[in-house]
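Below is one structure, written out as structure tokens; comments come after it.
All ligand and atom numbering here is 1-based and tracks the order in the structure.
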Amino acid sequence: MYPLRRNRRLRTNEAIRSLVRETIISPNDFLVPLFVVEGKGVKDEIPSMPNYFRYSLDLLEKEVKELWSLGLKSVLLFVKVPDNLKDNKGKEALNPNGLMQRAIKTVKNACPDMLVMTDVALDPYSAYGHDGIVENGMIVNDPTTNFLAEMSISHAKAGADFVAPSDMMDGRILTIREALEDEGFINTGIMSYSAKYASAFYGPFRDALDSAPVDMVDIPKDKKTYQMDYANRIEAIRETNMDIDEGADIVMVKPGLSYLDILRDIKNEVNVPVAVYQVSGEYAMIKAAAEKGWLNHDQVMMETTMAFKRAGADIIASYFSKDVVKLIS
Ligand code: PBG
């Protein structure tokens with residue numbers, strides 16, 4: 001009770017503040033999303049994601065070596081698929097010599113100990129920009145999960161350590177886990193996007209991969225029949241528990257900043273590692289406000305990163321990974 005307890009004593013200077021700090025950030029916390037494109041010598045800045053790039057395989061190699069030298073040891077790969085290779089069923093995703101498969105090998109050759117996770121969903125391969133197969137104006141669940149299992153096997157064969165299904169179909173974790181077991185990939189892990197909301201914060205990512213749902217008759221305009229309603233909280237726990245029962249090694253909450261309550265709920269509920277994804281729109285907002293001089297970029301970046309860890313994230317997937325690590329080292 002005051003005046004016996006004056007809380008400000010523990011805030012007097014940086015030395016005491018750092019001594020009593022409850023949450024510490026290190027390079028071990030991060031998962032670095034990387035965008036890969038065809039070509040040579042390509043390092044393409046994404047317009048809605050300033051200072052974030054799509055790399056061709058040769059420059060991807062350089063980038064992962066730099067990440068490794070900074071202490072960043074895990075990447076999450078996304079590919080931008082040329083339009084002429086897109087169709088409804090995403091069959092290019094199974095091409096053993098496809099861009100994703102080559103990207104996995106490129107990273108593993110450049111940095112054999114780098115942990116490679118791969119995005120598993122149809123959208124970059126889908127002519128309609130959906131995470132599943134479209135039939136009669138609907139996203140069909142079970143044919144999609146069977147396809148995602150084949151896609152996961154293909155990534156595992158190419159050398160992926162973890163597959164990361166980001167599609168939100170029902171039962172896909174079980175289907176993928178069983179397929180991996182059947183094929184002998186018993187050590188290939190699954191990081192499930194288990195509580196993934198239908199969010200407008202994914203806009204810049206869809207620019208980066210040119211993967212937004214198309215505007216066509218009989219094609220759903222949004223992802224609300226599979227991604228979660230952002231009004232819901234209990235549902236996130238149900239989704240996450242089901243994915244764990246089906247074999248998810250790591251679960252995820254996505255997006256990040258607007259869902260810190262969900263992140264804490266999940267952290268309190270489950271006993272597997274919990275990841276959070278600070279998504280493209282969150283990155284873009286901070287970049288835009290900083291460009292205008294309205295926010296201090298580095299301070300806001302650190303504050304939001306700390307918020308994820310404080311809210312319970314064991315793993316932070318972030319486009320700021322490199323910048324944060326440079327700042328704290
Ligand atoms: C695709 C996928 C998306 C993101 C990750 N995987 C977009 C979507 O679901 O539409 C979003 C990542 C981001 O915005 O940074 N299944």
Item to check | Residue from K223, K80, K86 passing salt bridge (Lys or Arg N to Asp or Glu O under 4.0 Å) with D123 | outcome: K223
Checklist outcome for this item: Residues at least two apart in sequence or cross-chain that pass salt bridge (charged side-chain N to carboxylate O under 4.0 Å, His left out) with E246, listed by chain then number, are none
Checklist outcome for this item: salt bridge (charged side-chain N to carboxylate O under 4.0 Å, His left out) filter on D210, not counting sequence neighbours, yields none
Item to check | Shared hydrophobic cluster for M138 and I133 (ILVMFWY, side-chain gaps under 4.5 Å) | outcome: no
Next on the checklist: Distance under 4.0 Å, heavy atoms only, partner ligand 1: which residues pass?
Outcome noted: F78, D119, A121, D123, D131, S166, K196, F201, Y202, F205, R206, K223, Q227, K254, Y277, V279, S280, Y319
Item to check | Ring-ring centroid check F320 H297, cutoff 6.0 Å | outcome: yes
Output a table of donor-acceptor pairs, distance under 3.5 Å, between side-chain atoms of residues 190-205 and any protein atom two or more places apart or on a different chain; print 'none' if there are none.
from	atom 1	to	atom 2	distance (Å)
S192	OG	S194	N	3.4
S192	OG	D243	OD2	2.5
S194	OG	M252	N	3.1
S194	OG	M252	O	3.2
K196	NZ	S166	O	2.9
Y197	OH	N232	O	2.8
S199	OG	F201	N	2.9
Y202	OH	Y197	O	2.7

